[in-house]
Amino acid sequence: MPESPLLAEVRRARTSDVPGIRALVDSYTGDRRLLAKAMVNLYEDVQEFFVAVDGEQVVGCGALHVLWEDLAEVRTLAVAQAAQGRGVGSALLERLAENARELGVGRLFCLTFETSFFARHGFAPIEELALDPDVRAELLQSPDEGVAEFLDLARVKPNTLGNTRMLAVLE
């Protein structure tokens, strides 16, 4: 019997959602599908997050991190085990893409194990994204670990093992 759709609201994250985001992220760090995040980093980045909530419970989360003028990364997209298969991840990804469009971003990048999910949403695997040398030089100045992962720097290789780099062009 198919599961019924989850009636979840997708909205911008609030500081009060951070403990729920942290619990959700922590549920995926054991098998390395997500990297652990310190609470301070989640609070610092709360403005990048959207959450799916069922009542007061965070059942999904995802973040949009702008990397450059026309490029942003979908980060920390996660759905609670009990809410999977009910469209929560798709609703979050669509809201992140909508936010990217609002910001003027035309391409979304992700680093993921969930290739079939992202492929259903227009992402395609890439080996390397061609960057203007000046843009690459600017990105190299970022202290953000996600930018280092995007650039495929040697120091973050252990974090990216087995992940697939994927890109979507927004309409």
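Salt-bridge annotation for E98 and R101: absent, with no side-chain N of the basic residue lying under 4.0 Å from a carboxylate O of the acidic one.
Put simply, CG on L92 and CD on E94 are 11.0 Å apart, with the number rounded to the nearest 0.5 Å. Summarising the geometry, atom CG belonging to D45 is positioned 8.0 Å from atom OG1 belonging to T76; distances are rounded to the nearest 0.5 Å. Note that CZ of R33 and CG of N163 are 11.5 Å apart. Values are rounded to the nearest 0.5 Å. Of the inter-residue distances, the one linking R12 atom CZ with N99 atom CG reads 5.0 Å to the nearest 0.5 angstrom. Taking CG of L67 as the start and CZ of R75 as the end, the distance is 6.5 Å to the nearest 0.5 Å. Taken from CG in L42 to SG in C61, the straight-line distance is 8.5 Å, to the nearest 0.5 Å.
Here the side chains of R11 and V51 are in contact, with some heavy-atom distance below 4.5 Å. For the pair F49 and D17, the minimum side-chain heavy-atom distance is 4.5 Å or more. Between L64 and E48, the closest side-chain pair of non-hydrogen atoms is not below 4.5 Å. Contact check for L167 versus L71: side-chain heavy atoms found under the 4.5 Å cut-off.
Residues A91 and V10 approach most closely at CB-CG2, 3.9 Å, considering heavy atoms. Residue A83 comes nearest to V88 through the heavy atom pair O-CG2, 4.0 Å, listed as atom of the first residue, atom of the second, then distance. Across every non-hydrogen atom of L170 and A100, the tightest pair is CD1-CB, 3.7 Å.
With R22 as the fixed residue, the side-chain contact (heavy atoms from CB on, under 4.5 Å) test singles out one of L24, D26, V25: D26. A ring-ring contact (aromatic ring centres under 6.0 Å, His included) with H121 holds for exactly one of F117, F123, F118; it is F117.
In E69, the CD atom is not crowded: 12 or fewer heavy atoms of neighbouring residues, nucleotides or ligands sit closer than 6.0 Å. Within 6.0 Å of CD in E102 there are more than 12 heavy atoms belonging to other residues, nucleotides or ligands.
Hydrophobic clustering of Ile, Leu, Val, Met, Phe, Trp and Tyr side chains at less than 4.5 Å, counting indirect connections, unites L96 with L103. Note: the hydrophobic cluster containing L93 does not contain V169 (ILVMFWY, side chain heavy atoms under 4.5 Å, direct or indirect links).
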Full working for side-chain contact (heavy atoms from CB on, under 4.5 Å) between E138 and D134: CA-CA 6 Å; E138 288 289 332; D134 291 336; 5.7 Å; no
